[in-house]
Amino acid sequence: MVAGGFMTRYLEAGDRSKPTLILIHDGAFGTTAELCWNDVIAELSPHYHIYAPELLGWGGTDKVVYFDRSPYAARIPHIAGLVRELGIDQADYLGSSFGGSLIMRATVEPGNPWHIRRAISISGSGGPYRLQSGIEALADYTPSLASAAKLTALIAGSATGMEAHVQQRHDNSLIPGHWETLMAPRLKNPSVTRAVPPDDYLARLALTSIPSLLLAGARDPLLEGGWAERLAVLSPKLAAVTIDAGHEPNIECPAEVCRVAKNYFGRAEDSK
């Protein structure tokens with residue numbers, strides 16, 4: 001499908017008569033919609049009509065880099081285009097890591113361009129509270145099976161028994177343009193000093209009208225402890241829950257993520 005002017009690959013599953021659920025994958029090297037969400041889709045598809053798109057730079061979607069805007073600003077219009085093309089007038093959203101952050105950024109966009117009803121962000125703060133050590137560890141990737149195993153262990157808690165996952169991550173990281181797209185933003189003009197632009201995300205989050213649940217992993221090595229609770233106090237529309245998991249429980253313990261999702265999205269009061 002062409003969405004927002006870009007060729008976009010997405011997965012579709014479930015019953016079209018069920019509520020729409022859109023899954024937004026993480027931002028790690030070698031990620032695809034399948035790799036991030038396969039087990040979650042299998043469990044949730046009887047209950048929802050699911051779409052799982054691949055973001056700009058990943059999988060089968062166009063490999064596009066913007067140097068004049070943030071990774072969030074570059075991708076929010078893309079998914080808004082997908083929503084328009086699919087004719088979605090309302091949906092719940094579940095995102096992991098960068099995907100969760102992207103959803104949280106979309107919840108505070110003027111006009112609610114993604115038509116979000118409710119949202120769950122797994123280990124995605126929208127930007128704040130990320131550990132510098134984690135940022136550096138995620139960026140340290142040169143395609144190899146060893147690197148794919150190291151990255152998998154970082155986000156899933158362990159790579160033990162995940163040989164097929166590691167192999168697929170490695171293979172995905174060889175897709176033409178993928179590695180280059182994720183590495184390109186590191187390029188900096190040595191003759192120009194650019195100030196960090198102002199960001200009013202937290203102020204806008206405090207005024208959000210969209211119910212959102214922030215799902216944290218107690219063993220997450222990439223975010224500051226307590227990040228979800230610190231964001232949740234900003235608005236009565238926000239809630240936080242912590243489970244015994246690492247950075248991506250959607251990979252480590254998908255059944256627990258599905259339990260939380262079905263409980264939160266199934267609560268009638270959240271749609272009021």
Within-4.5 Å side-chain heavy-atom neighbours: His247 and Leu223: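 They are in side-chain contact.
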
Inset, instruction - Starting from Leu187, walk the hydrophobic network (Ile, Leu, Val, Met, Phe, Trp, Tyr; side-chain heavy atoms closer than 4.5 Å) and list everyone else you reach, by chain and number. - result: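 Noted: Leu187 shares its cluster with Val65, Phe67.
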
task = Could you tell me whether a side-chain N or O of Ser123 sits under 3.5 Å from a main-chain N or O of Ser97, the two making a donor and an acceptor?
result =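 No.
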
ask   = To the nearest 0.5 Å, how far apart are CD1 in Ile122 and CG in Leu94?
value =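 It is 4.5 Å, given to the nearest 0.5 Å.
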
State plainly whether the residues [X] and [Y] are in salt-bridge range, i.e. N to O under 4.0 Å.
X: Glu224; Y: Arg230; value: yes
X: Glu43; Y: Arg259; value: no
X: Arg105; Y: Asp199; value: yes

- Sequence-distant partners of Glu180, salt bridge (Lys or Arg N to Asp or Glu O under 4.0 Å), two or more places apart: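 Glu180 satisfies salt bridge (Lys or Arg N to Asp or Glu O under 4.0 Å) with no other residue.
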
Quiz prompt | Which residues share a salt bridge (Lys or Arg N to Asp or Glu O under 4.0 Å) with Asp140, sequence neighbours left out | solution =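 Only Lys150 meet the salt bridge (Lys or Arg N to Asp or Glu O under 4.0 Å) criterion with Asp140.
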
Test item: side-chain donor near acceptor, [X] and [Y], under 3.5 Å:
X: His25; Y: Ser96; value: no
X: Thr20; Y: Tyr51; value: no
X: Glu229; Y: Thr242; value: yes

